[in-house]
Structure formats: structure tokens, C-alpha cells
Amino acid sequence: MRIIVVEDDDLIIGRLAKVLNEQHYTVDFAKDGEAAWELLDCFTYDLILLDVMLPKLDGISLCRKLRSQGNKTPILLLTAQDTSTNKVMGLDAGADDFLAKPFDFQELLARIRALLRRGGSSVPPTLVWHNLQLDPSTCSVTCNGQLLHLTPKEYSLLELFLRNTHRVFSCGMLIEHLWSFEEPPSDDTVRSHIKGLRQKLKAAGVDDEPIETVYGIGYRLKPADKEKGKAQIQRRKEGSQSPIQNQITTGVSQVWEQVAQTLNQRVSVIEEASNTLLQNQLLSEDARSKVRQEAHKLVGSLGMFGSDKGSYLASEIESFFVDGVRLDNSQIIHLSQLVHTLRDCLQSMNGEETEALVNSTPTLENPLLLVVDQDRELTDDLINHGSSWGIRIQGTCDPMTARNLIEDSCPDIVLLDLSYSDTVESTLSLLTELTNRTPPLPVVVTTARDSLIDRVKIARLGGRGVLQKPTSSIQVLKMVTQVLQNTRVAEARIMVVDDDPQILTALHNLLTPWGCKVYTLADPLCFWEVMTAVAPDLLILDVQMPEINGIELCKVVRSDSRWSGVPILFLTAHKDAKTRQQVFIAGADDYISKPIVKAELVTRILNRLERTRLLKSLAETDVLTGVANRSKSIQELTRCIQWSQTYHQPFCLAIVEVGKLKQINQQYGYVVGDRVLSRLGRILRLNFHSEDVVGRWGGTEFVVGICGMTRIEASRCLSEVIKSLHQSDTTTIDTLYLTFNTGIAQYPEDGADVEALYRVANAVLEQQKAAETN
């Protein structure tokens with residue numbers, strides 16, 4: 001694991017370096033906040049040890065700056081100022097933990113281990129894989145109770161894989177995590193360490209091989225036993241099915257029938273050509289081209305539907321039909337054997353892969369809320385009111401039972417209760433598991449204590465919202481619908497263009513459960529019309545298609561300013577260097593060879609989408625204040641109005657205008673005025689929920705969209721915010737005192753869209769300003 005220590009005391013640095021290196025951590029050091037910012041901008045770290053008092057940029061400011069940029073790396077603050085005020089400031093700035101100097105190094109190491117567990121996947125203190133155990137507290141690895149002797153880098157590699165059970169690491173990513181920036185090794189060195197680790201684990205008697213290679217991308221921890229997954233699928237098959245599940249099962253059979261029929265036809269074309277050659281007859285150029293085309297399609301489709309062997313055979317067969325190559329007798333006999341084996345592979349396929357893909361696709365039923373709470377009265381009340389909100393409710397009082405229900409029912413969101421001391425640990429463990437799923441399952445938490453520490457802990461573990469008990473079913477349903485609305489807005493649009501319908505079907509069912517809306521197109525001649533209508537967030541193209549190939553489509557997209565920034569990923573059975581070069585020259589972002597490794601494909605797609613969303617977020621955020629800019633605000637306010645209309649809930653649009661800022665700019669300079677606006681933006685963000693909208697409309701004017709509140713409630717809320725603004729040092733500069741004017745409009749009484757609501761709110765604001773002047 002890689003840690004950055006930001007500390008300006010050489011004595012502490014020396015001691016920390018010795019202690020952390022003894023625990024096999026890779027450590028980088030920075031002696032001031034600005035140097036740390038540059039390192040954090042260039043490298044990925046698993047943990048930040050951050051001193052508060054630093055030159056150039058102090059620890060609290062650096063912490064705020066990191067969090068404002070979306071950096072979620074766990075931060076442990078170190079300071080000699082052990083006061084509650086400093087702790088609150090640090091936690092509010094985004095730190096995860098706080099340790100006062102002088103500190104005990106054993107306590108420091110224990111806190112580091114705890115933060116690394118929270119920052120990574122949901123794992124217990126002792127990391128286990130079959131009969132292999134790794135104890136981070138003692139840096140020991142055992143197999144069947146026998147101690148393994150690993151080098152520091154081998155230990156670090158194993159720990160990284162065990163802590164990130166679903167993640168694929170390239171050699172470059174492993175270097176970033178486990179080597180300091182001063183000693184980066186080559187990829188060959190990393191592979192050598194992987195090889196050494198594998199050999200030691202095998203010699204020690206570790207069941208199976210823990211580390212598997214994902215060809216073309218890197219390494220990962222081998223997934224859980226596939227037989228267990230098959231048994232779970234079989235149990236679900238034997239259980240009762242809803243009408244929608246019956247429709248899915250019927251659809252599965254129909255999909256596989258269509259797939260099997262097409263695959264059979266393709267193999268038959270190849271068999272016919274092989275038989276012709278065996279009879280010493282020549283194939284026409286059209287026939288050779290047809291065979292080559294069918295074999296090429298089988299390379300991708302067989303791989304997507306679970307037969308890597310069949311895909312390999314099809315690739316071998318395709319190589320026999322290259323233009324201008326004549327086969328001798330030995331090659332014809334070998335071709336016949338390959339075709340015969342290919343037919344056997346096809347007959348052994350039974351559609352299980354298709355079934356798994358289709359079963360993973362979410363249904364179009366109303367969202368399902370799983371309630372994990374011992375308060376039966378609240379659960380019953382939620383069940384009674386849920387239908388009117390368009391939400392299905394299922395309840396249990398036991399976190400252990402909840403795990404089985406989650407696997408069987410696949411809820412859209414979970415409500416977890418932390419009010420009972422006897423289940424707190426198991427409930428927090430369940431919260432961590434759910435938020436670390438792929439894709440994560442949104443969780444709302446209820447608790448009897450309104451504690452800042454509890455809220456920080458819940459947020460750190462990935463909770464989407466907190467409600468203090470006692471709470472009503474209406475309050476719960478309001479928050480649940482808001483969280484569901486927010487999570488569904490992030491759905492990515494992916495457009496796939498491939499002339500093989502089987503590939504399109506497989507990709508659609510593979511990507512949909514990951515929060516993607518997949519649009520498929522088999523005819524490249526219709527590309528532009530579909531591209532314009534869909535406006536995808538990511539484009540997947542095949543290279544070889546009739547009429548227009550994927551490389552030509554890529555060039556067309558890159559030549560249009562509207563789509564020049566859309567990520568483009570190629571899937572193709574061509575593996576030659578020339579094709580790869582043409583793809584990247586055309587403007588592609590990535591390239592994956594068929595047959596497709598699903599983990600590799602999903603990882604690359606999610607990475608591209610995450611990067612695109614980050615860039616989009618930067619474009620939609622007001623740089624000075626950190627809130628949404630005007631165009632983004634309009635989008636979000638429109639979304640809130642649609643939510644209000646759907647669920648018949650109140651919604652208010654408020655304008656907050658800062659007064660006397662012009663005088664500040666004239667008297668103290670624009671730097672001071674900008675600092676005031678920046679501080680105000682932060683205070684507004686902190687005082688409103690994530691489902692609300694906070695944006696800068698322009699100049700000194702901010703807009704706030706408040707979901708679920710009437711005009712009276714919104715006015716009361718804004719009054720509290722203005723009061724807190726006056727109590728902060730932001731609003732007073734020498735003798736000049738800032739003022740704030742507000743105007744509020746309510747949907748639908750004052751208007752049915754953003755423009756109408758803004759006009760009403762602005763009129764109210766102008767009346768307030770006129771009254772103050774008089």
C-alpha cells in the first residue's frame with residue numbers, strides 16, 4: 001500500500017519512514033502543502049498522513065482543496081493542537097481521522113490499518129482467500145497455519161490484491177501503488193515479483209491460484225468459486241418466479257434459440273467449404289470471402305457466449321482463408337480437424353452464458369426498498385404508503401437475513417437502522433459491503449443519535465443519507481426517492497455499432513446492470529441518425545463492417561465538434577499492429593481484441609466514463625465558488641421540478657443575492673471580493689442537502705432549489721442560513737457589513753418551469769430590496 005506523509009519536521013519524518021517501511025508500506029514524503037499537492041496530482045495513494053501546521057499551504061486548506069477536487073483518498077491528520085475546535089475543523093474539511101502529537105506509533109499503525117480497510121473493499125482485519133491468511137497487524141502470511149516467507153514487495157502485492165477483490169491492476173497501476181516515485185521499476189520487474197509470489201504460494205499449498213492474469217490489462221484476485229455461483233443460480237431456478245421473472249426466462253430461451261441457430265449456420269458455411277476442399281475442389285473467391293467473414297464473426301460471438309476455445313478455433317480457421325493463400329493437403333486435413341472440433345464446441349454450449357447475461361438485466365418494475373430495522377411499526381407504515389410513491393417495500397429485522405434477501409430480490413435501495421446497540425457492528429459491516437458492490441447499492445441510514453461523528457462515519461462508509469429517529473414513513477420515502485433520482489441521473493448512454501447481432505445482444509445484457517443505457521446498431525449506414533438521437537457518453541465500434549467500417553466512422557465522429565470529445569473504444573478480432581495503428585490514428589481512445597474478457601471490458605469502460613464525468617463536472621462547476629454554474633443549475637432545477645411533479649411534492653426556487661460586494665471590490669480589491677464569494681459558496685453547499693441544487697447564477701447572485709419544502713419552510717431554512725452567514729467572519733470586513741437579499745417561489749403555484757419560478761423569485765427579491773431602501 002502506498003502512503004504519502006506530509007510533514008515538515010525531519011525528526012518525525014525519519015521515525016515515520018522507519019516504522020512505515022517496516023510494515024511494508026511504500027512511502028513518499030513532502031515537506032509543505034504545495035509540494036504535497038503536486039505529488040497527489042501526479043500519483044495515486046492509498047492514504048495521506050497530513051500535518052496541520054505546514055509551510056506554504058496548511059494541512060486543513062490542503063484537505064479542503066483535495067476534497068473539492070473529488071479526491072476521496074483517506075486522510076489522517078497529525079497535529080500538536082489537540083483541541084475539539086481543531087478536530088471539528090479537520091473533520092469538516094474532509095479528514096477521516098485525527099491523531100494528536102506526540103502519538104504512540106502502534107496506535108498510528110492501528111489507525112492506518114483501519115482507514116485502509118475503510119478506503120478499500122469491505123474486508124475484515126485479517127484478509128482471507130481460501131486457506132491463505134494475511135494479518136496486516138503483524139505483516140504475516142500463513143497457509144494452513146504455516147508461515148510463508150515473502151519479500152516486502154511480494155507481501156505488498158498480495159495485500160493489495162486481497163484488499164481489492166474485484167479490481168484489475170495493470171503493471172503501471174501496481175507501480176503507482178507499491179513503489180515510491182523516486183524508484184519506479186520496469187514492467188518486467190513487476191512481472192518478476194508476481195511470478196515469485198505465485199511460485200511461493202503454490203509451493204506453500206495454497207488452494208488454486210489466487211492471482212490471475214487478465215490478458216491485455218493486468219492482474220487481479222481470482223473471483224470466488226464459480227461452482228457456488230452455479231448453485232445459487234440453480235436454487236433461484238427452483239424457487240417460485242414472478243410473472244416478470246417468467247417473462248425473462250422465456251426471453252432467455254428465445255435469445256439462445258436465435259443465437260444457437262445463427263452460430264450453427266456460420267459453422268455450416270465453414271463445414272461446407274472444408275468438405276469442398278477435402279474433395280480436391282477449388283473454392284471461388286466469393287466462397288473464400290464468405291468463409292473468412294463467418295469465421296471472423298465467430299471469433300467474437302463464441303467468445304462473448306462463453307466458449308474461449310471455440311473463439312480460438314475460429315481464429316485459426318480464419319487464418320486459412322487469407323487472400324492469395326492456397327492450401328496443401330496437410331493444411332486441408334488440419335483445417336478439417338479444426339472445423340470438426342469447432343462443431344463439437346458449439347454442441348457443448350447450452351445457453352448458460354446467455355442466461356446469466358439476461359438474468360443480470362434489471363427489470364422495469366417499480367424500485368424495491370429493502371428495510372433492515374427492528375421497528376416493525378415503521379416497516380408496516382412504509383409498506384402501506386410505499387405503493388402511492390411507486391416503491392415496493394420488503395422488510396427484515398436481521399442484517400444476516402438481509403444478505404440473503406439482497407441476493408434473491410436485488411433491491412434498488414436499502415434502509416439500514418443503527419439504533420440498536422446489539423446489531424451496530426453487523427449493520428455497519430453490511431453498509432460497507434453494499435456500498436463496495438459493483439455497481440454499489442445505495443443505502444440510507446436511520447439512527448437514534450444525531451451525532452457528528454456518527455454522520456461522518458456513515459458518510460465515510462458510503463451512506464447516501466441519514467435520518468434521525470423518530471422519523472415518519474413520509475420522511476423516509478422522500479429521502480429514498482431523492483437518492484434514487486440522484487443515482488439514476490448518472491446513468492451512462494453507450495452506443496454499440498457491430499454487424500454481429502449476437503455481439504450486440506451480449507454487450508447489451510453485460511453492460512446494463514452496471515448503470516448503462518445501451519443502444520445497439522447493426523447497420524452502419526444508419527450510424528449518423530442514431531448517433532445524433534442518442535448523444536452517447538461512450539461509443540463502441542467494430543472495425544470490420546459492411547459498407548462503412550469502424551475506422552471510417554471514428555474519423556467522422558472526430559471531425560464533428562459536437563462529438564469530438566466522446567470516448568471511442570474498438571472491439572475487433574483483428575490483432576495485427578497495422579490495424580491497431582489505424583484505429584488510434586483515427587482517434588480511438590482504447591482497443592480490445594475479441595474474444596472479449598468481460599472483466600477487462602467493463603473495467604475499461606467504467607474508467608473511461610469516470611474520466612469523462614470528471615471532465616464534465618469541471619465544465620459544469622463555477623470555478624470560484626465550487627457550486628454549479630448557470631447551465632448546470634438549470635438542468636438540475638428542471639430535474640427537481642420533474643421529481644416534484646411525479647411525486648406530488650413541494651419544491652421551492654430561491655435567489656440569494658449578496659449586497660455591497662461592489663464596495664468591497666472597490667475598497668479592498670477583487671481578490672478579497674472573490675474570497676468572499678468563494679466562502680459563501682462553500683457555506684451554501686454545507687447548509688443544503690445533496691439532493692438540493694446550489695448554483696451561482698452570475699455576479700453576486702446564487703440560486704437554491706429546495707426539494708420537499710413549502711415556501712414557509714424554505715423561508716425558515718434560508719433565514720437560518722443567512723443567520724449563520726452573519727455569525728461567520730465572512731460577512732464583515734473592517735467596518736463594511738455584507739447584506740443578503742432573498743426571494744422565493746414555489747412550484748407549481750408560482751410557475752411550472754425554471755424561467756417562470758425565477759421571475760417570481762426575482763420580483764420578490766426586488767420588492768425586499770426596495771423596502772429596505774425605503
Q.
Lys632 vs Asn629, test: side-chain contact (heavy atoms from CB on, under 4.5 Å). Steps then yes/no.
A. CA-CA 5 Å; Lys632 179 62 175 177; Asn629 59 23; 3.3 Å; yes
Q | Verdict with supporting geometry, Leu430 and Leu434, side-chain contact (heavy atoms from CB on, under 4.5 Å) | A | CA-CA 6 Å; Leu430 178 59; Leu434 298 181; 4.0 Å; yes
Q: Walk me through it: do Tyr25 and Asp46 pass the test side-chain hydrogen bond (donor to acceptor under 3.5 Å, both in side chains)?
A: CA-CA 10 Å; Tyr25 295 121; Asp46 299 288; over 6 Å; no
Q | Asn144 vs Asn131, side-chain hydrogen bond (donor to acceptor under 3.5 Å, both in side chains): CA-CA, chis, key distance, verdict | A | CA-CA 6 Å; Asn144 296 323; Asn131 59 338; 3.2 Å; yes
Q: Could you walk me through whether Leu160 and Leu174 pass the side-chain contact (heavy atoms from CB on, under 4.5 Å) test, one step at a time?
A: CA-CA 9 Å; Leu160 183 66; Leu174 292 174; 3.6 Å; yes
Q) Can you check side-chain contact (heavy atoms from CB on, under 4.5 Å) on Tyr591 and Leu569, steps first, answer last? A) CA-CA 6 Å; Tyr591 179 107; Leu569 186 150; over 6 Å; no
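Taking all atoms of both residues into account, the shortest heavy-atom contact from Leu157 to His193 is CD1-CB, 3.6 Å. The shortest heavy-atom contact between Pro74 and Asp96 is CA-OD2, 3.2 Å. Closest non-hydrogen pair, Ala204 versus Cys143, comes out as O-SG, 3.5 Å. Across all their heavy atoms, Leu54 and Gly59 have their closest contact at CD1-N, 4.0 Å. Summarising the geometry of Leu538 relative to Ile605, their closest heavy-atom pair is CD1-O, 4.2 Å, with the distance given to 0.1 Å. Nearest heavy atom pair, residue Ala93 against residue Arg64, reads CB-CG, 3.5 Å.
Here the side chains of Leu162 and Trp129 are in contact, with some heavy-atom distance below 4.5 Å. Annotation: side chain of Leu150 is in contact with side chain of Lys200 (closest heavy-atom distance under 4.5 Å). Side chains of Ile48 and Leu40 form a contact here, defined as non-hydrogen atoms less than 4.5 Å apart. When side chains are defined from C-beta on, Leu20 counts as touching Leu49, because their heavy atoms get closer than 4.5 Å. Between Phe29 and Ile4 the shortest side-chain heavy-atom distance does not fall below 4.5 Å. Contact check for Asp28 versus Val5: no side-chain heavy atoms found under the 4.5 Å cut-off. In this structure the side chain of Arg2 never reaches within 4.5 angstrom of the side chain of Leu47, judged on heavy atoms. At least one side-chain heavy atom of Ile13 sits under 4.5 Å from a side-chain heavy atom of Asp10.
When each of Leu99, Asp51, Ile60 is checked for a side chain to side chain contact (heavy atoms under 4.5 Å, CB included) with Leu77, only Ile60 meets the rule.
Side-chain atoms of Arg696 never come within 3.5 Å of backbone atoms of Gly681 as a donor-acceptor pair (strictly under, hydrogens ignored). When atom types are taken as modelled, the side chain of Arg464 and the backbone of Val444 share no donor-acceptor pair closer than 3.5 angstrom. Distance alone, capped at 3.5 Å, places no donor-acceptor pair between the Glu38 side chain and the Ala35 backbone. Between the side chain of Asp622 and the backbone N or O of Val627 there is no donor-acceptor pair closer than 3.5 Å. The backbone N or O of Asp674 sits nowhere less than 3.5 Å from a side-chain atom of Ser678 that would complete a donor-acceptor pair.
Leu418 CG to Lys469 NZ: the interatomic distance, rounded to the nearest 0.5 Å, is 9.5 Å. Taken to the nearest 0.5 Å, the CG atom of Leu624 stands 11.0 Å off from the CZ atom of Arg675. The distance from atom CD1 of Ile211 to atom NZ of Lys195, rounded to the nearest 0.5 Å, is 14.5 Å. The distance from atom CZ of Phe584 to atom CD1 of Ile568, rounded to the nearest 0.5 Å, is 11.5 Å. With values rounded to the nearest 0.5 angstrom, Glu34 atom CD is found 6.5 Å from Leu57 atom CG. For the atom pair Phe98 CZ and Leu78 CG, the distance stands at 9.0 Å (nearest 0.5 Å).
Other residues, nucleotides and ligands contribute only 12 or fewer heavy atoms inside 6.0 Å of the CD atom of Gln146. Shown here is Phe105, whose CZ atom has more than 12 heavy atoms of other residues, nucleotides or ligands within 6.0 Å.
Lys31 has no carboxylate O lying under 4.0 Å from a charged side-chain N of Asp9, or vice versa, which leaves the two without a salt bridge. Between Arg580 and Asp590, none of the side-chain N atoms (NZ, or NE/NH1/NH2) sits under 4.0 Å from a carboxylate O, so this pair counts as no salt bridge. The pair Asp97-Arg111 meets the salt-bridge criterion, with a side-chain N (NZ, NE, NH1 or NH2) lying under 4.0 Å from an Asp/Glu carboxylate O.
A perpendicular orientation is assigned to the rings of Phe161 and Tyr219, their planes being inclined by more than 60° (bins at 30° and 60°).
Ser140 and Asp135 share no side-chain donor-acceptor pair at under 3.5 Å.
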